[in-house]
Structure formats: C-alpha cells, structure tokens
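Before any comments, here is the structure.
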Protein chains: 2
Amino acid sequence: MAATTEGPPAAAPPRRSDATRAAIVAAAREQFAAAGYQGATIRSIAAAAGIDPALVMRYYGNKEGLFAAAAEFDLRLPDLGALPRSQVGAALVSHFLDRWEGDDALMALLRAAVTNPAARQRMQSIFATQVGPQVGKLSGLPRAEAAARAGLISSQILGLALCRYVLELPPVLKLTRADTVRRVGATVQRYLFDA
Amino acid sequence: MAATTEGPPAAAPPRRSDATRAAIVAAAREQFAAAGYQGATIRSIAAAAGIDPALVMRYYGNKEGLFAAAAEFDLRLPDLGALPRSQVGAALVSHFLDRWEGDDALMALLRAAVTNPAARQRMQSIFATQVGPQVGKLSGLPRAEAAARAGLISSQILGLALCRYVLELPPVLKLTRADTVRRVGATVQRYLFDA
DNA sequence: GTCTATAATTCGATAGAC
DNA sequence: GTCTATCGAATTATAGAC
C-alpha cells in the first residue's frame, strides 16, 4: 500500500464537508426561492438540508454569505447568432422558460431581489454582463441603443416570469408553452430588430 | 347652544381617531412599499406615523388586517374607448406610469405580493376585476382570448414596473418617459389588437 | 383614545464540547 | 467536522393603567 496509516494520498482528500456544502446551497436555493430572503431562515435551510444550523454559519459565515453562494447564477445563453434571424426572439423566450423551470436559482434571485439590496445588485450585474452584451452582438446596434433594447427585453421576460411563476396570474398560467413562446417571442423579436 | 351637555349632535361625531387611522394607513403603505411585507414592522410603521405601536393593533387587529387596509387599491383606468384606437396602447402605459409614480400603493402591493400570499391574491383579483374586463371591452374578443391578452399585457407592464422601480436596472432607468410610453405602448397595442 | 409594560416567539450569531 | 447550548436582539401581540 501507499501508506500503512491508510487514507487517501495527498491529492484531493475526500472531505465529507464538500457534500455538506452542496446540500446546504441546494437547500438554500430552495428556501430562498420559496420564501424570499427574509422568509428563508438559517434554521429552515439547515432543516431542509438535514444538518445542524451551526454548520451553515461555519461554512458560509453569515446569511449574506450563504445567499451570495446560493445566488451564483449563469443564464447559459446559447449562441443565438447561429439561428435564422427570424427565430431569435422565440428562441430567447424558450431558453428563459427552460432556465426558469430547470432549477430554483432564478426564482430565488427574483424573490430575494425585490426586498434585498445585495440580491438586487446581483440581478443588475447579471443583466449587465449576460443579457446586455448578447443583445448588442445580436442587434449590431450602438452601445446605448442596444442597452435600451436589452432593458426592454428584460422587462418583458422578467415580467412574464413574475406573472407566471411568482404572482401566478391565472390567465398567464393558462397560456401553453408554445403560445407563450410565440407571442412573447414576437415582442422580443421586435425589441431586438425593429422599433 | 343646542344642548347644555355640549358636544356634537348625534350625526358624525368628530373622533380624532379618524386622522390617526389615516396616518397609520399612509405610513403603512410607505413602509410596505419600501421594505415589503416582512420588512415593514408594526413598530416602523407606528414610528413613521408618529404614534404608538399599540394603536396600530387596536385599529387594525393585526399585521394582516393592516396590510389589507393599506393594499386597498383602484387602478382608476380611464375610459380608453373614447380614444383613437391607435393611441390606446400608449395611453395605457402612460396611465400606469402615472399610477406607479403617484403614490406608494402599487409599489407596496408588488413588493409584498412576491413573498406574501394575501398580497399575491390581492394582485390576482385586481388584474381579474380591473384589467381583464377593460381589455375585453377594448378588444371586443371572446372572453378566453381577451383574458390571454390581458395576461400578456400585464406581464409587459408589471415587468416594466419591476425593472424600473423595483430592480432599478440602469438601462431601464435611462429610458425617458416619452420613449418608454412609445416603445412599450407599441407592444401593448400589439397585444390588444394584433397577434 | 393613547400609551406602558411585558408575554411569547423567533431569529442570527457565538462559544465550546465531542 | 458536527452538534449542543445559549445569548441578545427583534418581532407580533396582549393586558391593563391613565
């Protein structure tokens, strides 16, 4: 054997804490998504993760640090330049819906951003670094005009998510996915290339 | 004088509590708008109103009752049927912006609705009783289709308010009012009468 | 009608045993 | 690395004096 004292070699010591950390972040996303920043408590998160509340503090320092870790987020926008120009709007909406329904990250971010300043800034930076540039590249417009259009697109897409997933307005819930992609996609398309 | 025992006649006894109640509700709207349902506390509301926290409880029973009173809201939609059809979308957006900037009621409602179930239901009922019917009348479409369009319009307008007044996304803040009315108005117009 | 005092919880955070 | 025990602060809500 490598060593009579046994145990893993020097590289990558398998600490159980890694699994614990992952469980905490997953539970945090869940709770922040369901109850917002203030509604989710260290205790409720620890309970959902099946561990002790003190561990959350040990690993993430405080509630702010935990949220910062839980709100790590990548929109994973696909390369829309490869698509036929006429399909870009619908593709964008479709991707956003996937991203909303895929996990709790965006829901957690939005629910928290409405009352928590740090979450709001995170939201601002996400749309500044991930949405804005992509719109600029796609539309080929000057920076200021592209930013304005990215803002309009964000307002439509975030509003759709707000009404559908957060406020759950019945008429918005009744829309089929295909219908949503088509109709909201047309709006995004217009913001991208027309008016 | 009318009576030797003095005091107002039977009708409309001028209780000072009326002014107090009004001050409480106004302060409550302010606080709910600024901090959401959980962030606004009975204490902070009482402090903003310049009265004792116990009075809030006396007049409104509990926090829920106070919010119900503070979230009383009328969109005050004007008669859009009198306008040239081509201007309806822009007029709707313009009216919403006025309503958002006029007082704290809508801000309080939205900030609270994201985490509080009662506020969310209030939001649902407002759009069911005030937005939906108006869209039905304007578009002249069957009920189901009109409801779908009202939902789409709500998603765009609430999304605009979310990005502008709550999340404060810089590109959305940079839009002038005229520009916002024109561009978002065109979207609302399309949801109303086209696709 | 208004306010003082306080009960009963609940939260974030810390100290320290194992 | 994990958990027990607990502190100090803040919250809603109540009881009752004035």
Side-chain angles (χ1 to χ4, degrees), chain A residues 5-8 12-32 34-71 108 111-112 115-119, chain B residues 6-8 12-28 30-32 34-71 108 111-112 115-119:
Chain A
T5 51
E6 179 216 16
R15 296 171 299 156
R16 178 158 32 173
S17 64
D18 289 341
T20 304
R21 292 182 80 102
I24 291 174
V25 178
R29 258 193 275 264
E30 216 174 87
Q31 297 290 314
F32 283 126
Y37 186 81
Q38 296 179 359
T41 67
I42 303 276
R43 285 168 155 84
S44 73
I45 292 168
I51 51 99
D52 192 276
L55 275 185
V56 178
M57 305 301 293
R58 175 172 177 83
Y59 287 139
Y60 295 97
N62 52 29
K63 195 176 177 178
E64 270 190 36
L66 172 60
F67 179 79
R111 272 231 163 85
T115 51
N116 183 268
Chain B
E6 182 219 12
R15 296 171 299 154
R16 176 157 36 174
S17 63
D18 289 341
T20 304
R21 292 182 79 100
I24 292 173
V25 177
E30 217 175 88
Q31 296 290 314
F32 283 126
Y37 186 82
Q38 297 180 357
T41 67
I42 304 277
R43 285 165 154 83
S44 72
I45 291 168
I51 51 99
D52 192 275
L55 276 185
V56 179
M57 304 300 294
R58 175 173 177 81
Y59 288 139
Y60 295 98
N62 53 32
K63 196 175 177 179
E64 271 190 34
L66 173 60
F67 178 78
R111 272 230 165 85
T115 51
N116 182 270

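Atom CD1 in B:I45 sits 6.5 Å away from atom OG1 in B:T41 (nearest 0.5 Å).
Across all non-hydrogen atoms, the minimal contact from A:A46 to A:V56 is CB-CG2, 4.1 Å. Between B:A35 and B:A40, the closest heavy-atom pair is CB-N, 3.8 Å. Among all heavy-atom pairs drawn from B:A23 and B:A49, the shortest one is O-CB, 3.8 Å.
For the OP1/OP2 pair of C:dG1 and a distance below 4.0 Å, the side-chain nitrogens and oxygens of B:Y59 include no atom meeting the criterion. Dashed line: the shortest gap from a side-chain N or O of B:T20 to OP1 or OP2 of C:dT2 is under 4.0 Å.
For residues 35-58 of chain A, every residue pair satisfying the ring pair (Phe, Tyr, Trp, His ring centres under 6.0 Å) rule, not counting sequence neighbours, is listed here: A:F32-A:Y37, A:Y37-A:F67.
The shortest side-chain heavy-atom distance between A:I51 and A:I24 falls under the 4.5 Å cut-off.
If you take CD1 of A:I51 and C1' of D:dT2, they are 9 Å apart, rounded to a whole angstrom. Rounded to an integer number of Å, the gap from B:Y60 OH to C:dG1 P is 13 Å. Atom P of nucleotide D:dT4 and atom CG of A:D52 are separated by 6 Å, given to the nearest angstrom. Straight-line distance from the CG atom of A:L55 to the C1' atom of D:dT4: 12 Å, rounded to whole Å. Taking atom CD1 on A:I45 and atom P on C:dT10, their separation rounds to 17 Å, with Å as the unit.
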Any chance you could lay out the side-chain contact (heavy atoms from CB on, under 4.5 Å) test for B:I42 and B:K63, step after step, and finish with the verdict? CA-CA 7 Å; B:I42 304 277; B:K63 196 175 177 179; 4.1 Å; yes
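No side-chain donor from either of B:T20 and B:S17 sits under 3.5 Å from a side-chain acceptor of the other.
Residues from residues 34-41 of chain A placing a heavy atom under 4.0 Å of any atom in DNA chain C, listed by number, are A:A40, A:T41.
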For nucleotides 13-18 of chain D, which of its nitrogen or oxygen atoms have a protein nitrogen or oxygen under 3.5 Å away, and what is each distance?
| residue | atom | partner | partner atom | Å |
| --- | --- | --- | --- | --- |
| D:dA13 | OP2 | B:K63 | N | 3.0 |

